[in-house]
Q: 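Here it is, the structure in full.
Along the sequence shown, residues are numbered consecutively beginning with 1. Fair warning: this is a prediction, and the values are worked out from it, not measured in the lab.
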Amino acid sequence: MSPISNTAWRPAHVTNGQIKFATVLALLAWAFAVYDFILFGTLLPELGKSLGMDEAAQAGLVTWMSAGAVIVGLAAGPVMDKFGRKAGMAFATTGAGVASVLTALAGLLPAPFLVLIRSLSGLGLSEQGVNGAYLSELYGASDDPRIKKRQGFIYSLVQGGWPIGAILAAALTAVLLPHIGWAGCFVFAAIPSFIVAALTRKLRESPQFEAISKIHQLQKSGAHAEAQEISAALGIEEHHKPSTMADIFRGRSLRTTLSLGLGHVLNYFPVQVFSVLGTTVITTIHHVSFTNSLAILLMSNVVAYLGYLTHGALGDRFGRRNVIAFGWITGGIVFTAMIFGPSDFWTVVALYSVGTFFLIGPYSCVLFFVGESYHTRIRGRGAAFVAAVGPIGAILASAAATGILGSGGTWATAAFYFGAIPCVLSGVAVLFARKNQHVADPVHTGTDVVVEVAE
């Protein structure tokens, strides 16, 4: 490593107040993005009725929207890497708000336009990737040992915005729908997203992005010697190269992208089968009443939130890669036992809840680990890509399950082959990623040196 210059420019210290504000705002941004996503699923029957669409047409619409959301969600990465992490959060949150507002106009537009509108929800879903990249950098630059030691656990509180957003969507829909209709519900949902997007202006930009930007500015102005001095002092390499999406498929980053991207796609198979279609699976395989199945789902969501906190804490202690892999492999095994086990109500409750704990809980590690696993220059693109490709697994799982059921198969067979097995394989895929990644700390490099090992 080059000798450290005590006179070289470096980013300002990150305060605990800045970290707290960013953490709370990231939680709200993710919760309201989920609110928009779940709200659409909740109100789809009402919306479909207004548009004169039967269930088959609605299902087809959702498939095309999911594909569009994957493509649009990728846009958050280049925005983060070019304009900053604050800009990425504002872009993603605004996208969720715009999707909500425009969805309210669905009754006035042909169905193909609705596909384009709901594709914007992919920006909202990319918020978790934005959060993982931004907060991994902010926490990594903190000089508070409590934050350094528990950064994964703190991020698990942010990722817990999923059940918060889901509960808000269900509760507020029940209250507002009779009074303002489905279109009014979508307009109402956009308001908090726009407020959060406006508040992102008050966020502290990550020191890592500030350092890269400073070096780029010096290079453009011809101050190459000063740029090189800062680069050497802060341990930043390859700062002169313009980043592209192709960079996440090159060099050391290729292994990260393939292992984490494939793991996320595979894990969305069980997410679709056991979470989104959970009531169908439970009632069909074990003949549990619909009312009881809803009670099971409610209970499992509480357990899933505890899973977020547990896996976040374990990731700090045992390494995020290993905790993710263990959780998903265990979840697949437990769901297999649930599928082929006895139909006793409490046995189903126990196995489904434990399976959900290990399926959903590791997501508090996943997006944070993704942020840690890429070099600063392409961290936004890498995080956005891994976050965006996951729903491809949901689309494939739905298509595969439909094929099995259409050919005379059972839900037990479909859930095993396209739910439990992919869950195990997703954990195996993650094991191919490099373990114990972390981000560079340009604020304290030279005093308490932190080396960025990922490209």
Q: Does Arg255 have more than 12 heavy atoms from other residues, nucleotides or ligands lying within 6.0 Å of its CZ?
A: yes
Q: Is the shortest heavy-atom distance from the side chain of Tyr134 to the side chain of Phe209 under 4.5 Å?
A: no
Q: Classify the side-chain pair Arg379/Thr376 by whether it contains a donor and acceptor separated by less than 3.5 Å.
A: yes
Q: Donor-acceptor pairs under 3.5 Å, side chain of residues 332-342 to any protein atom, not counting sequence neighbours: which ones?
A:
from, atom 1, to, atom 2, distance (Å)
Thr336, OG1, Gly332, O, 2.9

Q: Between Arg118 and Thr103, is any side-chain donor less than 3.5 angstrom from a side-chain acceptor?
A: yes
Q: Is a donor on one side and an acceptor on the other found under 3.5 Å between the side chain of Lys86 and the backbone of Leu203?
A: yes
Q: Check for a donor-acceptor pair, side chain of Ser426 on one end and backbone N or O of Cys423 on the other, with a separation under 3.5 Å.
A: yes
Q: Is the number of heavy atoms from other residues, nucleotides or ligands under 6.0 Å of Phe416 CZ greater than 12?
A: yes
Q: Under a 4.5 Å cut-off applied to non-hydrogen side-chain atoms, are Leu28 and Ile195 in contact?
A: no
Q: Just by modelled atom types, is the Ile404 backbone N or O under 3.5 Å from a matching donor or acceptor in the Ser407 side chain?
A: yes
Q: Determine whether a donor-acceptor pair (N or O, by modelled atom type, separation under 3.5 Å) exists between the side chain of Thr200 and the backbone of Ala197.
A: yes
Q: Between Ser142 and Leu138, is there a donor-acceptor pair closer than 3.5 Å when you use the side chain of the first and the backbone of the second?
A: no
Q: Show me, pair by pair, the donor-acceptor contacts under 3.5 angstrom made by side chains of residues 151-169, not counting sequence neighbours?
A:
from, atom 1, to, atom 2, distance (Å)
Gln151, NE2, Lys148, O, 3.3
Tyr155, OH, Gln128, O, 3.3
Tyr155, OH, Gln159, OE1, 3.2
Ser156, OG, Phe153, O, 2.4
Gln159, NE2, Gln128, OE1, 3.1

Q: If you count the non-hydrogen atoms of other residues, nucleotides and ligands that lie under 6.0 Å from CZ in Phe83, is the total more than 12?
A: no
Q: Is the distance between the ring centroids of Tyr363 and Trp328 under 6.0 Å?
A: yes
Q: Could you label the plane-to-plane angle of the Phe358 and His311 rings as parallel, tilted or perpendicular, counting under 30° as parallel and over 60° as perpendicular?
A: perpendicular
Q: Indicate yes or no for a side-chain donor-acceptor contact from Arg85 to the backbone of Met80 under 3.5 Å, with no hydrogens or angles considered.
A: yes
Q: For Asp81, does its backbone N or O pair with a side-chain atom of Arg381 as donor and acceptor, under 3.5 Å?
A: no
Q: With distance as the sole test, does Ser126 use its side chain to make a donor-acceptor pair with the main-chain N or O of Gly129 at under 3.5 Å?
A: no
Q: Could you walk me through whether Thr94 and Phe194 pass side chain to side chain contact (heavy atoms under 4.5 Å, CB included), step by step?
A: CA-CA 6 Å; Thr94 300; Phe194 289 141; 4.2 Å; yes
Q: Going by ring pair (Phe, Tyr, Trp, His ring centres under 6.0 Å), name the residues that satisfy it together with Phe418, two or more places apart in sequence or in a different chain.
A: none
Q: Within the 3.5 Å criterion, strictly below it, is a donor on Tyr139 or Thr23 matched to an acceptor on the partner's side chain?
A: yes
Q: Is the ring pair Tyr308/Tyr305 parallel, tilted or perpendicular, if the boundaries are 30 and 60 degrees?
A: perpendicular
Q: Set out, in order, the CA-CA distance, both residues' side-chain angles and the distance that settles side chain to side chain donor-acceptor pair (under 3.5 Å) for Glu137 and Ser206, then state yes or no.
A: CA-CA 6 Å; Glu137 292 182 340; Ser206 81; 2.6 Å; yes
Q: Please name the pair of heavy atoms, one in Ser119 and one in Val72, separated by the smallest distance, quoted to 0.1 Å.
A: O-CB, 3.4 Å
Q: List the steps, then state whether side chain to side chain donor-acceptor pair (under 3.5 Å) holds for Tyr374 with Thr257.
A: CA-CA 9 Å; Tyr374 287 98; Thr257 300; 2.7 Å; yes
